[in-house]
Amino acid sequence: MFSIFANWKSHKNLVSTRAWVNTFLDAVDITFSQAILEGRIELVLFPPAPLLYPLKLLVADHEIAIGAQDISSLPEGKYTGQVSAESLSDIATHVILGHVEERQLGDTQDIVQTKFARAQSGRIIPLVCITSPDQIITESPYIVYEPTSAVGTGNAASMSDITSFKSSCHLSPSQKFIYGGSVSPDNIDEFMKDDIVDGVLVGTDSLEPLVFAQLVNQVLSHA
Ligand code: PGA
């Protein structure tokens, strides 16, 4: 199975999300829901927190899953402004943890570990983003390699860099290895070669629905 994860970061509002869904569903190959049901691909959209539930409703008939971009390190309680695992647990199936942009804003490895435990207690599947092997959480089902030089720059890492990074990670056979950083319709075919990468986390090129539909269609042609 090849995973496609779309990280919208802090882009979009309700109006642009509705428009995105309409355009995407018109442009994507209609077999995509079938491919998800057959386990050939999985497709998870990670919108900003206020859009999680509306987006879940908008795509409800299409087997697309909805994930959160972050989770509080604190439990449910008197923590104004925090989004706890408990409040996400019946909306989001997945959560992104340790994204380099959050590590730059202060998420230490200890915080990422705590958030990981919160995600597990809320039965939310964690995607742990790393820039170096020492950030791996061994129990995480998904490890997402996102080299800083590739995130949001248009300069994706080369397959040889990704392959050698992966071999330094010593992942367990059940752990999925995901690549993120300037993934686009122009380079997605490369990332699907040789079963090195089990999926991709797409930022910039998930924002435009026609571009993202093209990327999904290319994945479908190989999956
Ligand atoms: P990018 O972002 O595709 O714009 O490089 C990827 C990410 O940060 O998840």
Side-chain angles (χ1 to χ4, degrees), residues 2-12 16-17 20 24 28 41-49 51-52 55 64-71 83 88 92-107 109 111-112 115-116 119 124-133 135-137 140-159 161-162 165-166 169 175-192 196-219:
F2 196 82
S3 305
I4 309 167
F5 299 124
N7 177 10
W8 288 359
K9 310 194 179 185
S10 62
H11 297 280
K12 300 197 187 295
S16 56
T17 295
W20 188 98
F24 174 75
V28 72
I41 66 165
E42 69 174 334
L43 178 54
V44 189
L45 305 177
F46 295 82
L51 301 170
L52 284 164
L55 184 57
I64 297 172
I66 302 299
Q69 294 174 17
D70 192 15
I71 201 169
V83 180
L88 285 171
T93 53
H94 297 66
V95 62
I96 295 172
L97 299 176
H99 191 282
V100 66
E101 288 158 5
E102 292 209 284
R103 292 185 192 265
Q104 282 163 356
L105 289 173
D107 271 15
Q109 187 66 10
I111 293 174
V112 178
K115 290 181 172 184
F116 182 85
I124 302 168
I125 301 166
L127 276 62
V128 173
C129 297
I130 64 168
T131 55
S132 63
Q135 295 170 332
I136 289 172
I137 295 181
S140 184
Y142 293 94
I143 295 297
V144 186
Y145 173 43
E146 291 212 310
T148 315
S149 61
V151 172
T153 60
N155 296 316
S158 68
M159 250 346 248
D161 285 351
I162 295 169
F165 183 88
K166 184 183 179 185
C169 287
Q175 275 181 312
K176 305 258 188 185
F177 181 73
I178 308 296
Y179 169 74
S182 300
V183 174
S184 74
D186 292 336
N187 57 28
I188 186 68
D189 293 352
E190 192 67 22
F191 297 125
M192 292 195 73
I196 304 291
V197 159
D198 298 302
V200 287
L201 178 57
V202 188
T204 309
D205 278 5
S206 69
L207 296 175
E208 280 298 326
L210 291 177
V211 174
F212 189 63
Q214 190 188 337
L215 189 149
V216 173
N217 289 344
Q218 280 172 235
V219 171

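Counting starts at 1 for both ligands and their atoms, in listed order. What you are looking at is a predicted structure, and each value in this text was computed from that prediction instead of being measured.
- With F5 as the partner, the ring-ring contact (aromatic ring centres under 6.0 Å, His included) test is satisfied by one option alone out of Y179, F212, Y142: Y142.
- Residues with a heavy atom under 4.0 Å from ligand 1: N7, K9, H99, E146, A150, V151, G152, G181, S182, L201, V202, G203, T204.
- Residue Q109 holds its CD atom at 4.5 Å from CZ of R103, rounded to the nearest 0.5 Å.
- Q69 CD to L127 CG: the interatomic distance, rounded to the nearest 0.5 Å, is 12.0 Å.
- Residues K12 and L51 share a closest heavy-atom pair of O-CD1, 3.5 Å.
- Judged purely by atom type and a 3.5 angstrom limit, T131 has no side-chain atom pairing as donor or acceptor with the backbone of P147.
- Taking F177 as the reference, nothing meets the ring pair (Phe, Tyr, Trp, His ring centres under 6.0 Å) condition, with sequence neighbours excluded.
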